[in-house]
Amino acid sequence: DGHGLDLDRLDGLGWVRFVFWASRDNRSPEAAYQQRYRHIIQSYASRGIRSLIILHQDTYWGNGPWLHGGWDEYARNFGKECGRVAAACAEFGDMVAYQVFNETDIGFGDDAGNPNHSAIGISPQHYAAILDHAAAAIRAAHPGAQIIIGGMKTGPTNAINYIKQVQQMLNGRLPVDAVAYHPYGR
């Protein structure tokens, strides 16, 4: 798959961010990596540009707990799939980092009633389990890789409250290295 991006135009850029599609394309993480993403990551890395890979429902849909329930099962299986992605990408070392889901704070707190149909809102309780399993699997498969809590979009106060609740669910731990934040004019 790859892409025909004109890499000369990206000189000086430090990071690119993109979603890792596996289940959305009916591929295993390994097949998606070999058939699409390895070439992309290598192209960026050859120019000194790092890849921030978003792992979410398009990486692993599983039992779709946002529609059917079964969050614990999903968290465990999503974590395993994240580990598989990280194992494949580990050859690039610190040129790759991982963002676990995107805009999970949709509909939380002050954002209630403001859906975003391109992302899935997940309660702090359920996201905590997803994040914990994913971070453990990523760290086991790609030691030293940075893990990012996924793209908060609901404004600084609401996003911080969301993250604090996730941290509380994890007994004070927050197994990430950074927070991705989408200001969207706020």
Side-chain angles (χ1 to χ4, degrees), residues 15 17-20 22-23 29 50-90 93-94 96-116 118-184 186:
W15 289 89
R17 178 179 171 266
F18 52 89
V19 175
F20 191 98
S23 68
R50 295 180 171 147
S51 295
L52 175 57
I53 298 174
I54 302 170
L55 304 171
H56 70 13
Q57 70 274 4
D58 290 325
T59 309
Y60 177 71
W61 185 268
N63 59 324
W66 38 88
L67 300 173
H68 311 291
W71 286 98
D72 291 337
E73 175 188 353
Y74 183 80
R76 285 189 307 275
N77 291 331
F78 179 77
K80 290 175 188 173
E81 296 300 297
C82 290
R84 292 172 68 186
V85 172
C89 296
D94 68 356
V96 174
Y98 306 93
Q99 178 180 312
V100 180
F101 264 84
N102 189 47
E103 298 184 352
T104 57
D105 59 335
I106 290 169
F108 170 78
D110 294 340
D111 196 58
N114 293 310
N116 174 350
S118 68
I120 294 174
I122 302 173
S123 74
Q125 173 188 356
H126 296 312
Y127 183 68
I130 290 169
L131 179 63
D132 203 30
H133 284 281
I138 291 166
R139 293 206 193 282
H142 190 164
Q146 291 185 353
I147 300 173
I148 315 301
I149 195 169
M152 303 291 106
K153 75 104 179 160
T154 62
T157 302
N158 202 61
I160 289 169
N161 289 336
Y162 180 91
I163 292 169
K164 284 181 177 180
Q165 285 192 29
V166 169
Q167 187 174 25
Q168 182 179 13
M169 297 304 301
L170 295 172
N171 298 314
R173 293 180 309 105
L174 197 57
V176 300
D177 302 295
V179 173
Y181 177 71
H182 303 170
Y184 296 137
R186 293 179 192 247

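Just so we're clear, the structure is a prediction, and the values are computed from it rather than from any experiment. In what follows, residues are counted from 1 in the order of the sequence shown.
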Discussion item. Using a 3.5 Å distance criterion without hydrogens, assess whether the side chain of N161 forms a donor-acceptor pair with backbone atoms of G109.
Written reply: no
Worksheet, complete the sentence: Interatomic distance, CE@M169 vs CG@L174, rounded to 0.5 Å, equals 13.5 Å
Fill in: Atom pair CG (L55) and CD (Q99), whose distance is rounded to the nearest 0.5 Å
8.5 Å
Worksheet item: About how many Å separate OG1 of T59 and CZ of F78, when rounded to the nearest 0.5 Å?
Response: 5.5 Å
Item to complete: Could you grab the distance from atom CG of N102 to atom CD1 of I122, nearest 0.5 Å is fine?
Response: 10.0 Å
Discussion item. Please report the interatomic distance CD1(I160) to CE(M152), rounded to the nearest 0.5 Å.
Written reply: 11.5 Å
Worksheet item: What residues form a salt bridge (Lys or Arg N to Asp or Glu O under 4.0 Å) with R173, not counting sequence neighbours?
Response: D132
Worksheet entry | Full working for side-chain contact (heavy atoms from CB on, under 4.5 Å) between W61 and L67 | CA-CA 11 Å; W61 185 268; L67 300 173; 4.0 Å; yes
Discussion item. Please check: side-chain N/O of R50 versus main-chain N/O of D94, any donor-acceptor pairing under 3.5 Å?
Written reply: yes
Worksheet item: What heavy-atom pair brings C89 and I53 nearest, and what distance separates the two atoms?
Response: SG-CD1, 3.8 Å
Fill in: Contact summary for P29 and E81, nearest pair of heavy atoms
CG-OE1, 3.2 Å
Worksheet entry | Non-hydrogen atoms of G83 and A141 that approach each other most closely | O-CB, 3.3 Å
Discussion item. Looking at R139 and G144, would you say the former's side chain and the latter's main chain have a donor-acceptor pair under 3.5 Å?
Written reply: no
Worksheet item: Any idea how F101 and Y127 line up, ring-wise: parallel (<30°), tilted (30 to 60°), or perpendicular (>60°)?
Response: perpendicular
Worksheet item: Any idea which heavy atoms bring A135 and P175 closest together, and the distance?
Response: CB-O, 3.6 Å
Worksheet item: So how far is it from Y74 OH to W66 CH2, rounded to the nearest 0.5 Å?
Response: 3.5 Å
Worksheet, complete the sentence: Here the pair of heavy atoms bringing A86 nearest to Y98 is CA-OH, 3.4 Å
Worksheet item: Looking only at heavy atoms, which two atoms of W15 and S51 are closest? And how far apart?
Response: CZ3-O, 3.7 Å
Discussion item. Which residue is it: D105, D111, D110? I am looking for the one with a side-chain hydrogen bond (donor to acceptor under 3.5 Å, both in side chains) to T154.
Written reply: D105
Discussion item. Using a 3.5 Å distance criterion without hydrogens, assess whether the side chain of H56 forms a donor-acceptor pair with backbone atoms of V100.
Written reply: no
